[in-house]
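Worksheet for the structure shown next.
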2 protein chains.
Amino acid sequence: MPERRASARPKRKRDAAATREAILEAATRRLATQGYERAGVREVAADAGVTAALVNRYFGSKEGLFAEVIARALDMGHLLRDGRANLADQLARVVVYGGEDAPDGVLTPLLLLLHSAAEPRAIELFRRDLDRTQLRLLAEHIGGDDAAVRAAMVLAQLTGFAILHHVLRPEAFADARGEKLVALLSKSLAACIG
Amino acid sequence: MPERRASARPKRKRDAAATREAILEAATRRLATQGYERAGVREVAADAGVTAALVNRYFGSKEGLFAEVIARALDMGHLLRDGRANLADQLARVVVYGGEDAPDGVLTPLLLLLHSAAEPRAIELFRRDLDRTQLRLLAEHIGGDDAAVRAAMVLAQLTGFAILHHVLRPEAFADARGEKLVALLSKSLAACIG
DNA sequence: TTTCGAAGTCAACGGCCGTTTACTTGGAAC
DNA sequence: GTTCCAAGTAAACGGCCGTTGACTTCGAAA
């Protein structure tokens with residue numbers, strides 16, 4: 001019989017900060033792929049190489065843990081790269097080609113959102129943070145009249161595309177080439193940006 | 001102390017077909033507002049005025065119940081009205097003004113989808129049924145080259161708008177007038193339809 | 001009115017999950 | 001090497017949920 005999971009891991013030394021980080025990373029991945037309900041505290045703890053009790057010790061509760069996950073994801077995962085030229089095309093490429101496995105990727109906040117749509121507490125956390133982070137940045141990049149509404153429309157399109165492309169995966173998307181999707185998406189994004 | 005819930009209800013006579021229908025209605029409402037995980041069999045049964053055991057008797061299991069809910073919703077809730085003129089504008093009005101409380105409304109399939117995004121079994125049911133109902137109808141109305149991909153893009157936009165407008169509700173959408181949203185959405189829908 | 005099958009209920013089982021309490025262990029400081 | 005607090009674990013509790021099997025009740029047919 002081979003070694004157990006725990007001994008296969010690098011067996012991190014006792015380091016509260018590093019352990020905290022490992023838990024947050026594991027929680028982000030679980031939340032982005034499974035959503036609030038299906039992401040269990042025991043699973044997250046096992047991914048991080050610790051016990052469920054320790055998770056609650058550090059973050060108070062499951063809700064506290066995922067609140068910090070969402071806040072961090074919204075702070076880190078800036079949807080926009082540095083240059084603001086070709087905004088529609090940039091955004092389109094992010095959601096078409098962005099890997100879903102990178103826990104700090106720009107796609108993560110979208111997956112977090114749509115996998116937690118059924119959880120009122122998670123939605124509350126998103127609403128509170130979104131307006132003053134991603135949407136504000138987007139609105140500044142867009143500018144002009146109705147910048148706030150247009151920014152929300154852009155976010156809506158990105159989220160909708162993400163749910164179809166990364167979760168539902170209808171036949172039409174599976175068959176289509178990536179560049180075809182980029183072209184269509186950036187075209188309708190441009191219609192919103194103006 | 002007032003009467004109990006059961007006596008406040010019309011106390012439907014023993015009618016298997018009617019009871020079945022009542023359970024399906026209640027399940028549809030619960031699934032559309034709470035998603036697969038949070039919609040409990042006991043709650044659904046109570047809404048329909050029966051016991052959880054009877055629900056499992058009629059539908060075999062929770063999964064069987066919601067499979068039928070999804071299939072029915074996709075069959076009934078045709079996104080498109082009869083006339084095919086101004087398709088973008090029609091669709092935009094549906095998701096902007098469509099009430100979320102009507103269990104047979106055209107908006108229901110979208111809410112079912114985005115509230116069940118975290119549940120793999122529900123996603124599987126959607127994928128299987130979507131391609132041969134809503135997406136096929138949409139593609140026929142759109143026509144031309146890449147009709148299938150364009151139809152999926154339209155569904156993505158509608159779903160994304162629904163999650164923002166009916167679930168997340170950012171400030172920008174709360175402040176905006178309905179007609180402004182219809183204008184923006186139909187414009188970017190038109191960019192996809194071509 | 002009696003009968004009998006279908007409609008519906010009741011209560012319990014087993015499992016999973018978030019949380020808590022008491023305990024053990026590691027490692028740095030002296 | 002001893003001490004001692006923080007890091008981490010083990011185990012259990014209580015609650016909720018889906019499911020099941022045995023029981024009860026309605027209502028139509030005879």
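All chains are named by letter (A, B, ...) in the order of the sequence lines, taking the proteins before the strands, and each is independently numbered beginning at 1.
One atom, CZ of A:F59, and another, P of D:dG8, lie 12 Å apart when rounded to the nearest Å. In this structure, CD of A:Q34 is placed 14 Å from C1' of C:dC17, rounded to the nearest angstrom. For the pair B:R42 CZ and C:dC13 P, the interatomic distance rounds to 14 Å; values are reported in whole Å. A straight line from CZ of A:R57 to P of C:dC23 spans 14 Å, rounded to a whole angstrom. Rounded to whole angstrom, the span from the CG atom of B:L65 across to the P atom of D:dG18 amounts to 10 Å. When the P atom of D:dA6 is taken as reference, atom CZ of A:R20 falls 17 Å away, rounded to whole Å. Atom CZ of A:R30 is separated from atom C1' of C:dG18 by 16 Å (rounded to the nearest Å). One atom, NZ of A:K62, and another, P of C:dC16, lie 15 Å apart when rounded to the nearest Å.
Ring orientation note: the planes of A:H165 and A:F173 are nearly perpendicular, at an angle over 60° on the 30°/60° scale.
In terms of phosphate contacts, A:T19 brings a side-chain nitrogen or oxygen within less than 4.0 Å of OP1 or OP2 of D:dG8. Taking 4.0 angstrom as the limit, A:Y58 places a side-chain polar atom (N or O) nearer than this to OP1 or OP2 of D:dG8.
Across the interface with DNA chain D, nearest-nucleotide mapping of B:R38 and A:A17 shows A:A17 to be the residue nearer the 5′ end. Position along DNA chain C of the nearest nucleotide to B:L54 versus A:E37 favours B:L54 as the more 5'-ward residue.
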- From CA spacing to verdict: side-chain contact (heavy atoms from CB on, under 4.5 Å), B:F161, A:T159: CA-CA 8 Å; B:F161 185 86; A:T159 310; over 6 Å; no

- Chi angles and distances behind the side-chain contact (heavy atoms from CB on, under 4.5 Å) call for B:D129, B:D75: CA-CA 9 Å; B:D129 285 350; B:D75 277 352; over 6 Å; no

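Within 4.0 Å of A:A53, counting heavy atoms only, lies at least one base atom of the nucleic acid.
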- Letter by letter from the 5' end, nucleotides 25-30 of chain C scores (B base, S sugar-phosphate only, - none; protein heavy atoms under 4.0 Å) BBS---

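Distances from the side chain of B:T51 to the nucleotides C:dG18, D:dT9, C:dT9 place C:dT9 closest. The side chain of A:V50 lies closest to D:dT9 when the candidates are D:dA22, C:dG18, D:dT9. Each of C:dG18, D:dT9, D:dT20 was ranked by its minimum atom distance to the side chain of B:N56; first place goes to D:dT20.
Around atom CZ of B:R136, no more than 12 heavy atoms belonging to other residues, nucleotides or ligands sit under 6.0 Å away.
Taken from CG in A:L54 to CZ in A:R20, the straight-line distance is 11.0 Å, to the nearest 0.5 Å. The CG atom of B:D89 sits 14.0 Å away from atom NZ of B:K187, with the distance rounded to the nearest 0.5 Å.
Judged purely by atom type and a 3.5 angstrom limit, A:R30 has no side-chain atom pairing as donor or acceptor with the backbone of A:V44.
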